[in-house]
Amino acid sequence: MTLHLYNTFLRAKEPFAPIDPSNVRMYVCGPTVYDLAHIGNARPVIIFDVLYRLLRLIYGEGHVTYVRNITDVDDKINAAAREKNVPIAEITAATTAAYHADMAAIGALPPDHEPRATETIPEMVAMIETLIQKGHAYAADGHVLFAVQSFEDYGKLSRRDQDELIAGARVEVAPYKKYPGDFVLWKPSDADTPGWDSPWGRGRPGWHIECSAMSKKHLGVTFDIHGGGRDLIFPHHENEVAQSVCANAAPFARYWVHNGFLTVEGEKMSKSLGNFRTVRQELEKAPGEAIRLAMLKTHYRQPLDWSDDSLKEAREAVGKWYRAYREVTGGAKYEGEASVPPAFAAALCDDLNTPEARTLLDAYAGEVFTAKTPAAKEVALKHLLGAANLLGLLTQGPDDWFHSEKGALEPAEIERLIAARIAARKGKDFAEADRIRDELAAAGVILEDRPGGVTEWRRA
RNA sequence: GGCCGGGUGGCGGAGUGGCUACGCAGCGGACUGCAAAUCCGUGUACACGAGUUCGAGUCUCGUCCCGGCCUCCA
């Protein structure tokens, strides 16, 4: 079982071979903390969380280092602070805390390191100095710029031709640039803007240098996987490559993994369209595991249309698996040992084929339902749980899943009505039993009568 | 204009040459006091046109349509 990943650099799937199997290293571009995480931010988090879990399965839990940064210095943050008239640190602290809470709610494991840009300024300054010394960057007008023409391979990752880029450029070229494609490594800050002292005066880093410095600090100059959204390929990742390769005189990331874009109800998500959806808003509609499955039921490189219907379908699908789970445990969390079926691992090893993985989960759940003996059901459940857990799904007990959502009626009241209905049924008073069931249905509670006189309930 | 990706059944969504996934919805049946849940069965597809091949959603070329990026953006 060999992991194959689609490498953007080659535009092809290739077998994954880590530099050091005892320490597989992955870097993923994290959020700029100026606002609540939206559902588009959640996609790479969930995808690379699955990749992280898979790598830990293959190479061992202690043998994978996952770094995801926090960008806490950025002009959007400055703008948000100005708009709300609060200190910048307040914005970044509150947004970071919200981000952690939201990512935990969608079941993402925390990365091994989560460096902040503001904690990595000396490393960035050092890298910029190296680039100037080596003739890859120059100071001009308080700025430091990367000289794109000094790097022969510039444009290789994004497959862009420099001259064509400039011809198609939409933005006015800043006067201090020697060449229109040059990009900012360091820019001056006025008194009201966050800044750090540097050889070029008080200023702040450009966006791209952050990731070059933070990845180097925690993963070394050359590491295995660099991930992010495909919209980052150019300019962000292209520029990271240029900075890192030129400063370190060593290869940068070996595998570039990019997830596809996300639309909402068929439209690009944007503030101007007013269709921004935060993770928080979606968590009001469905549990975190439903959000995860809604993300994973489409292959990560495909475009994904996020919709209420799709989220609802994912919630139902997860519900079916929990129903199978309940078939074995009666609602409690399973205490036995689960195992990942080889076919399931193989699906994920094929460039994270999560749609195929989802199909297998349905098959394992089906085996639970159709198995003839309790022992056979339990074997099937071990497969279901081992597989689902690898995707960060089925992490709670069935009762937790079915009963934790809020609704019009409290669980205690629901249980009371169910007891009354059971009594009515025992007395063959079906009219009363049906009246209670209708009453519950009106309150969004669906009943499922199970063998042995047990009645289960769930929210519609 | 350049680069990249996509067009599969009512909907979602896999599938890089041959065995016509899978899920949801629909329909029929079993089970049930009736439902719900579950099980069994069942119909519908590969944007269009050429080509390669014994054989093509799957490879090649062309056409049409949709989306992303082109120095703010997961």
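Sequence lines set the chain letters: A, B, ... in the order given, protein chains first and strands last, and positions in each chain run from 1. Since the structure is predicted, the reported quantities are computational estimates derived from the model, not experimental observations.
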May I ask you to evaluate whether A:N353 reaches the phosphate of B:G15, defined as a side-chain N or O under 4.0 Å from OP1 or OP2?
yes

Check this one for me: any side-chain N or O of A:R450 less than 4.0 Å away from OP1 or OP2 of B:U38?
no

Please give the distance between the [atom1] atoms of [N] and [M] as a whole number of Å.
| N | M | atom1 | result |
| --- | --- | --- | --- |
| B:A56 | B:A74 | P | 45 Å |
| B:G62 | B:G23 | C1' | 36 Å |
| B:G13 | B:G2 | C1' | 32 Å |
| B:C22 | B:C31 | P | 26 Å |
| B:G7 | B:G15 | P | 10 Å |
| B:U53 | B:U63 | P | 23 Å |
| B:U52 | B:G10 | P | 32 Å |
| B:G28 | B:G33 | C1' | 22 Å |

For the side chain of [X], counting heavy atoms from C-beta on, which of [options] is nearest?
| X | options | answer |
| --- | --- | --- |
| A:R458 | B:C4, B:C34, B:A37 | B:A37 |
| A:R159 | B:U38, B:G5, B:C3 | B:C3 |
| A:K297 | B:A35, B:G12, B:A36 | B:G12 |
| A:R425 | B:G33, B:C70, B:A36 | B:G33 |
| A:R160 | B:G6, B:G33, B:G2 | B:G2 |
| A:T298 | B:G13, B:U71, B:A37 | B:G13 |

Using both distances under 3.5 Å as the test, list the Watson-Crick or G-U wobble partner of [N], or none.
| N | answer |
| --- | --- |
| B:G41 | B:C27 |
| B:G67 | B:C4 |
| B:G18 | B:C54 |
| B:A35 | none |
| B:C48 | B:G62 |

In whole Å, I'd like the distance from the [atom1] atom of [X] to the [atom2] atom of [N].
| X | N | atom1 | atom2 | result |
| --- | --- | --- | --- | --- |
| A:K13 | B:U16 | NZ | P | 6 Å |
| A:L381 | B:U38 | CG | P | 16 Å |
| A:L304 | B:G6 | CG | P | 15 Å |
| A:I446 | B:U32 | CD1 | C1' | 17 Å |
| A:M103 | B:A74 | CE | C1' | 11 Å |
| A:R11 | B:G68 | CZ | P | 18 Å |
| A:E327 | B:A37 | CD | P | 14 Å |
| A:N7 | B:G5 | CG | P | 13 Å |

Salt-bridged, A:K76 to A:D35, with N to O below 4.0 Å?
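Not counted as a salt bridge, because no side-chain N and carboxylate O are separated by less than 4.0 Å.
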
May I ask you to decide whether A:K187 forms a salt bridge with A:D75, counting only side-chain N to carboxylate O separations under 4.0 Å?
yes

Check whether the side chains of [X] and [Y] place a donor and an acceptor atom closer than 3.5 Å, and report yes or no.
| X | Y | answer |
| --- | --- | --- |
| A:T455 | A:D449 | yes |
| A:Q243 | A:H136 | no |
| A:D351 | A:Y300 | yes |
| A:H403 | A:W457 | yes |
| A:K312 | A:S307 | no |
| A:Y27 | A:N69 | yes |

Looking across every strand, which nucleic acid part, if any, lies under 4.0 Å from [X] by heavy atom: base, sugar-phosphate, or nothing?
| X | result |
| --- | --- |
| A:H236 | nothing |
| A:Q302 | sugar-phosphate |
| A:S158 | sugar-phosphate |
| A:K428 | nothing |
| A:G228 | sugar-phosphate |

Nucleotide by nucleotide, nucleotides 19-28 of chain B touches protein heavy atoms under 4.0 Å in the pattern (B base, S sugar-phosphate only, - none) --BSSS----

Under 3.5 Å, is there an N or O donor on one side and an acceptor on the other linking the side chain of A:R43 and the base of B:A74?
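Result: no qualifying N/O pair found.
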
Could you check whether the side chain of A:D305 and the base of B:G12 have a donor-acceptor pair of N or O atoms closer than 3.5 Å, going by distance alone?
no

Using a 90° cut-off around 0 for syn, call B:G62 syn or anti.
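Classified anti.
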
Can you tell me which residue among A:R230, A:R301, A:H258 is in a side chain to side chain donor-acceptor pair (under 3.5 Å) with A:T8?
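With A:T8 as partner, side chain to side chain donor-acceptor pair (under 3.5 Å) holds for just one option, A:H258.
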
Starting at the 5' end of RNA chain B and moving along, which residue's nearest nucleotide shows up first, A:E448 or A:T370?
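Result: A:E448.
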
Most 5' of A:A365 and A:P44 on RNA chain B, judged by nearest nucleotide
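Nearest-nucleotide comparison on RNA chain B picks A:A365.
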
Can you check salt bridge (Lys or Arg N to Asp or Glu O under 4.0 Å) on A:E432 and A:R421, steps first, answer last?
CA-CA 7 Å; A:E432 173 63 5; A:R421 176 169 169 274; over 6 Å; no

Parallel, tilted or perpendicular: ring planes of A:Y66 versus A:Y52, cut at 30 and 60 degrees:
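Rings of A:Y66 and A:Y52: tilted, 30 to 60°.
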
